[in-house]
A.B. asks: 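The structure's right below; bear with me while I get my questions together.
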Amino acid sequence: MDYKTAWDYQDALMKANVDAKTSSWQLAVGNNETTNHKPQTINYLLFVEHPPVYTLGKSGKMEHVLINEEQRKERGIEFYQTNRGGDITFHGPEQIVGYPILDLEKFYTDIGRYLRELEEVIILTLADYGVAAGRSKGETGVWIDADVPGKERKICAMGVRCSRWITMHGFAFNINTDLNYFNYIIPCGIQNKKVTSMKEELGYELPVEEVKEKLKRNFERVFHAELREEKRKKKSKE
């Protein structure tokens, strides 16, 4: 799915949830039932694989894109300035991009905790394959050898948006991703640190669908949620 189509779809789901939350709250106030108010929102977990594209977050800097527009187009890479947090990153084939559209008021109202729990889903999935991963202090995402100077490698980037505690955007997890695309940017605006993939770490290609299934199970475990497939639109929802 191309990036703009996925972005528009996320935006529509987020808006529907925000509207549902607003209208249900107004109804609860009108009926004097705000104490046990539970908004009628729906949580989604979308998995997408994009054609090659660079996306720049709200706090990102254009100088972190190291090729010009002509060079980028020659390589067939799209570019979007987005409304998520974070800096520049790459999405492309053989990468799992996850977009949770969650009402955090049904979980907890803490964006920091939300990001740490998204990281935990990735860390647990990597552990399923015997890859030890963790966090890097002050740098959102999932890293390998984060505490070994000169060997730090980022395997999953993250950037989210939240409105009225409804989330969108999410994570980009490198499975069999062509890492050469990262040579034309400063990934996440972080100098002198490498990017890696599961294929790079394990030395062989992995079945992407298999990894998705493990991500789903670990998402359920971390977020104490049950995912069920919505066949019509091929997505998972809580």
Side-chain angles (χ1 to χ4, degrees), residues 1-3 6 10 44-55 75-78 86 88-100 115-136 139-148 151-160 169-185 187-188 190 193-223 225-231 233-237:
M1 180 183 290
D2 70 87
Y3 186 80
Q10 288 183 78
Y44 299 87
L45 174 61
L46 312 178
F47 284 143
V48 184
E49 188 173 325
H50 293 304
V53 58
Y54 294 134
T55 68
R75 291 167 172 79
I77 309 169
E78 291 190 298
I88 188 78
T89 196
F90 169 75
H91 300 314
E94 299 291 309
Q95 180 192 69
I96 298 175
V97 179
Y99 295 133
L115 288 168
R116 301 296 81 77
E117 294 201 349
L118 281 184
E119 291 166 349
E120 189 65 18
V121 172
I122 306 300
I123 290 168
L124 290 172
T125 302
L126 287 164
D128 287 339
Y129 289 93
V131 178
R135 300 172 177 86
S136 179
E139 297 172 328
T140 299
V142 177
W143 297 75
I144 295 171
D145 289 335
D147 299 324
V148 183
K151 291 188 176 181
E152 310 98 319
R153 308 181 299 286
K154 194 170 195 176
I155 196 165
C156 182
M158 294 184 180
V160 303
H169 299 294
F171 62 83
F173 185 17
N174 297 327
I175 310 303
N176 306 311
T177 317
D178 183 351
L179 300 179
N180 288 316
Y181 285 104
F182 291 96
N183 294 334
Y184 309 120
I185 60 174
C188 303
I190 301 171
K193 291 187 179 181
K194 297 179 180 179
V195 174
T196 191
S197 66
M198 292 188 74
K199 177 182 176 181
E200 183 77 7
E201 296 300 316
L202 294 169
Y204 58 87
E205 289 195 0
L206 290 100
V208 173
E209 292 303 317
E210 176 187 281
V211 180
K212 284 181 185 178
E213 289 304 312
K214 292 183 183 296
L215 282 169
K216 289 177 187 178
R217 301 294 77 79
N218 287 319
F219 185 93
E220 290 178 320
R221 174 180 171 187
V222 172
F223 284 88
E226 181 182 352
L227 296 172
R228 61 179 184 268
E229 195 77 15
E230 188 175 278
K231 294 180 181 180
K233 294 182 180 178
K234 296 183 180 180
K235 63 179 181 293
S236 300
K237 80 174 185 179

A.B. asks: Under 4.0 Å between a side-chain nitrogen and a carboxylate oxygen: does that hold for Lys216 and Glu220?
C.D. replies: no
A.B. asks: Which atom names give the shortest non-hydrogen contact between Phe90 and Ile185, and what distance separates them?
C.D. replies: N-CD1, 4.1 Å
A.B. asks: Could you walk me through whether Lys194 and Leu179 pass side-chain contact (heavy atoms from CB on, under 4.5 Å), step by step?
C.D. replies: CA-CA 10 Å; Lys194 297 179 180 179; Leu179 300 179; over 6 Å; no
A.B. asks: Would you say that more than 12 heavy atoms from the other residues, nucleotides or ligands in this model lie under 6.0 Å from the CZ of Arg75, or not?
C.D. replies: yes
A.B. asks: Kindly write out the residues that satisfy ring-ring contact (aromatic ring centres under 6.0 Å, His included) with Phe219, not counting sequence neighbours, or none if the list is empty.
C.D. replies: Phe223
A.B. asks: Around atom CG of Asp147, are there more than 12 heavy atoms from other residues, nucleotides or ligands closer than 6.0 Å?
C.D. replies: no
A.B. asks: Closer than 4.0 angstrom, basic N to acidic O: yes or no for Glu139 and Lys154?
C.D. replies: no
A.B. asks: Using the side-chain hydrogen bond (donor to acceptor under 3.5 Å, both in side chains) criterion, which residues pair with Glu210? Sequence neighbours excluded.
C.D. replies: Tyr129
A.B. asks: Nearest 0.5 Å please: distance from the CD1 atom of Ile155 over to the OG1 atom of Thr196.
C.D. replies: 5.5 Å
A.B. asks: Could you measure the distance from the CD atom of Glu94 to the OG1 atom of Thr177? Nearest 0.5 Å is fine.
C.D. replies: 7.5 Å
A.B. asks: Measure the CD-NE2 distance between Glu78 and His50 for me, rounded to the nearest 0.5 Å.
C.D. replies: 10.0 Å
A.B. asks: Sequence neighbours excluded, which residues qualify as side chain to side chain contact (heavy atoms under 4.5 Å, CB included) partners of Glu152?
C.D. replies: Trp143, Lys193
A.B. asks: Find the distance between CG (Leu202) and OG (Ser197) and round it off to the nearest 0.5 Å.
C.D. replies: 8.5 Å
A.B. asks: How about Pro93 and Pro51: do any of their side-chain heavy atoms sit closer than 4.5 Å?
C.D. replies: no
A.B. asks: Would you give the length of the straight line joining atom CZ of Phe173 to atom NZ of Lys212, rounded to the nearest 0.5 angstrom?
C.D. replies: 12.5 Å
A.B. asks: Using modelled atom types only, decide if a donor and an acceptor are shared between the side chain of Tyr181 and the backbone of Tyr54 within a distance under 3.5 Å.
C.D. replies: no
A.B. asks: In Å and rounded to the nearest 0.5 Å, what is the CG to CG distance from Leu215 to Leu45?
C.D. replies: 8.5 Å
A.B. asks: Under the ring-ring contact (aromatic ring centres under 6.0 Å, His included) test, which residues partner Phe171, sequence neighbours left out?
C.D. replies: none
A.B. asks: Could you tell me which residues satisfy side-chain hydrogen bond (donor to acceptor under 3.5 Å, both in side chains) with Tyr3, sequence neighbours excluded, listed by chain and number?
C.D. replies: none
A.B. asks: With sequence neighbours left out, what residues match Lys199 under side-chain hydrogen bond (donor to acceptor under 3.5 Å, both in side chains)?
C.D. replies: Glu205
A.B. asks: Determine whether Ile88 and Thr55 make a side-chain contact, defined as any pair of heavy atoms from C-beta on separated by less than 4.5 Å.
C.D. replies: no
A.B. asks: I'd like to check Arg217 versus Thr125 (side-chain heavy atoms, cut-off strictly below 4.5 Å). Are they in contact?
C.D. replies: no
A.B. asks: Would a 4.5 Å heavy-atom cut-off, applied to side chains only, mark Glu49 and Val97 as touching?
C.D. replies: no
A.B. asks: Is a donor on one side and an acceptor on the other found under 3.5 Å between the side chain of Arg135 and the backbone of Arg116?
C.D. replies: yes
A.B. asks: Side chains of Val48 and Ile96, heavy atoms from C-beta outward: is any pair under 4.5 Å?
C.D. replies: no
A.B. asks: Main chain of Lys151, side chain of Arg153: is a donor-acceptor contact present, judged purely on distance under 3.5 Å?
C.D. replies: yes
A.B. asks: Is the shortest heavy-atom distance from the side chain of Pro100 to the side chain of Leu118 under 4.5 Å?
C.D. replies: yes
A.B. asks: Nearest heavy-atom pair of Ala133 and Ile123: which atoms, and what distance?
C.D. replies: O-CG2, 3.7 Å
A.B. asks: Could you check if a side-chain atom of Asn176 sits within less than 4.5 angstrom of a side-chain atom of Met198, using non-hydrogen atoms only?
C.D. replies: no
A.B. asks: Closest heavy-atom contact between Gly170 and Val160?
C.D. replies: CA-CG1, 4.1 Å
